[in-house]
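Just below is one structure, and these are the notes that go with it.
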Amino acid sequence: MGQKEFKVAVVGATGAVGNLMVQVLEERSFPVSEIKLLASARSVGKTLSFRGKQYPVEELKEDSFEGIQVALFSAGGSVSKKFAPCAAKSGAVVIDNSSAWRMDPKVPLVVPEVNPDAALGHSGIIANPNCSTIQMVVALKPIYDAVGIKRIVVTTFQAVSGTGKRAIEELRTQVAEIANGREPKREIYPHQIAFNCFPHIGAFLDNGFSEEEMKMVNETKKIFSDPAIRVCATTVRIPVVYGHSESVNIETGKPIEVEEVRRLLSGFPGVKVIDDPSKAVYPVPLQAAGTDDTYVGRIRKDPSVENGLAMWVVADNIRKGAATNAVQIAEVLLSRGRL
Ligand code: A2P
């Protein structure tokens with residue numbers, strides 16, 4: 001008997017992440033019998049390639065999910081809020097990349113290297129965490145398991161692709177305008193992004209943190225199932241196209257040597273340690289871009305607190321931070337016989 005195959009829909013297939021979801025399904029040979037590419041009415045008439053064939057983009061509607069078994073969503077929160085329940089109701093497992101469902105207690109929030117079993121308790125919708133959270137918890141998981149983590153202080157350096165296709169265009173256009181001596185135009189971001197950076201991702205909340213910062217706080221607690229873990233985040237947008245970087249400072253529950261951290265991380269799935277700073281060897285976004293691993297370097301003791309560690313964590317935000325993680329969640333369901 002041949003391998004079981006599945007009817008898969010990708011919602012937001014024309015977007016930066018959605019398009020990559022289609023590509024990652026192909027790269028990882030996910031057993032797809034039929035693919036349905038969904039986007040807004042604006043994209044009807046376009047085609048996208050999957051396994052060397054062109055497929056039409058269809059308009060997302062409430063009845064788009066008939067017969068669909070897996071629905072990968074990346075078309076923003078409001079689309080997910082409205083259409084993920086329709087997909088789940090018609091029998092699909094939704095893996096949703098937006099923030100719409102992440103903190104819903106009935107919805108598992110899953111990073112396959114960290115809490116794969118949580119996926120099995122879904123009732124139709126599984127949430128893919130925020131890109132910055134995913135790479136951080138992957139890098140911290142083996143340390144968490146070995147000695148516990150009491151507190152995390154993280155500063156991110158986030159690529160524009162996380163905002164979507166139009167933001168990538170805005171950065172490229174601004175660079176060209178400046179190179180040509182013209183005043184750069186600004187539409188997506190609150191400030192010029194070319195040759196600049198700003199600590200502003202998502203709206204600011206009453207507590208002074210941004211939405212992105214609070215996602216890192218709340219999602220980390222949920223993924224580790226540890227409400228006691230203390231997290232303070234500062235999230236910064238920088239003029240990089242693909243690849244988020246993070247300065248991560250932690251206080252562990254018990255002492256741990258840097259060599260042991262390196263050993264644990266080197267043996268952990270999905271992590272690569274790149275750490276020889278004297279030779280200028282440490283993770284950088286240009287090298288992480290286009291790959292699925294989480295890279296960790298600059299691992300060192302933080303002598304300013306008891307049991308302190310500092311490190312630098314880089315990953316491709318639209319791959320491990322979004323599309324790859326989503327497809328890996330589907331793979332968990334598949335390998336556990338839950339599809
Ligand atoms: P479209 O290309 O038709 O606008 P990005 O994050 O790169 O900006 O991509 C967003 C994705 O979400 C695109 O595929 C976009 O489709 C899709 N999208 C946005 N709004 C809707 C909507 N109301 N219905 C369906 N798809 C939508």
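As a basis for the values below, the full set of heavy atoms in this structure was taken, side chains included, without hydrogen atoms, waters or symmetry mates. Whatever order the structure lists them in is the order used to number ligands and atoms, beginning at 1.
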Salt bridge (charged side-chain N to carboxylate O under 4.0 Å, His left out): pairs with one or both residues in residues 39-60, sequence neighbours excluded: none

Partners meeting side-chain hydrogen bond (donor to acceptor under 3.5 Å, both in side chains) with K279 (sequence neighbours left out): D276

Name of the residue among N325, T294, D292 meeting side-chain hydrogen bond (donor to acceptor under 3.5 Å, both in side chains) with K320: N325

H191 and F198 aromatic ring geometry - parallel, tilted or perpendicular at 30°/60° bounds: tilted

Pairing residues for L286 by the side chain to side chain contact (heavy atoms under 4.5 Å, CB included) criterion, not counting sequence neighbours: none

Basic-acidic side-chain contact under 4.0 Å: R102, D96: no

Give every pair formed by an N or O atom of ligand 1 and a protein N or O atom closer than 3.5 Å, one pair per line with both atom names and the distance to 0.1 Å, or write none.
from: ligand 1; atom 1: 2 (O); to: T14; atom 2: OG1; distance (Å): 2.6
from: ligand 1; atom 1: 2 (O); to: S43; atom 2: OG; distance (Å): 3.1
from: ligand 1; atom 1: 3 (O); to: S40; atom 2: N; distance (Å): 3.1
from: ligand 1; atom 1: 3 (O); to: S40; atom 2: OG; distance (Å): 2.5
from: ligand 1; atom 1: 3 (O); to: S43; atom 2: OG; distance (Å): 2.5
from: ligand 1; atom 1: 4 (O); to: S40; atom 2: OG; distance (Å): 3.4
from: ligand 1; atom 1: 4 (O); to: R42; atom 2: NE; distance (Å): 3.1
from: ligand 1; atom 1: 4 (O); to: R42; atom 2: NH2; distance (Å): 2.8
from: ligand 1; atom 1: 7 (O); to: A16; atom 2: N; distance (Å): 2.8
from: ligand 1; atom 1: 7 (O); to: K165; atom 2: N; distance (Å): 3.0
from: ligand 1; atom 1: 14 (O); to: G12; atom 2: O; distance (Å): 3.1
from: ligand 1; atom 1: 14 (O); to: T14; atom 2: N; distance (Å): 3.3
from: ligand 1; atom 1: 14 (O); to: T14; atom 2: OG1; distance (Å): 2.6
from: ligand 1; atom 1: 14 (O); to: G15; atom 2: N; distance (Å): 3.0
from: ligand 1; atom 1: 16 (O); to: T14; atom 2: OG1; distance (Å): 3.2
from: ligand 1; atom 1: 26 (N); to: S40; atom 2: N; distance (Å): 3.2

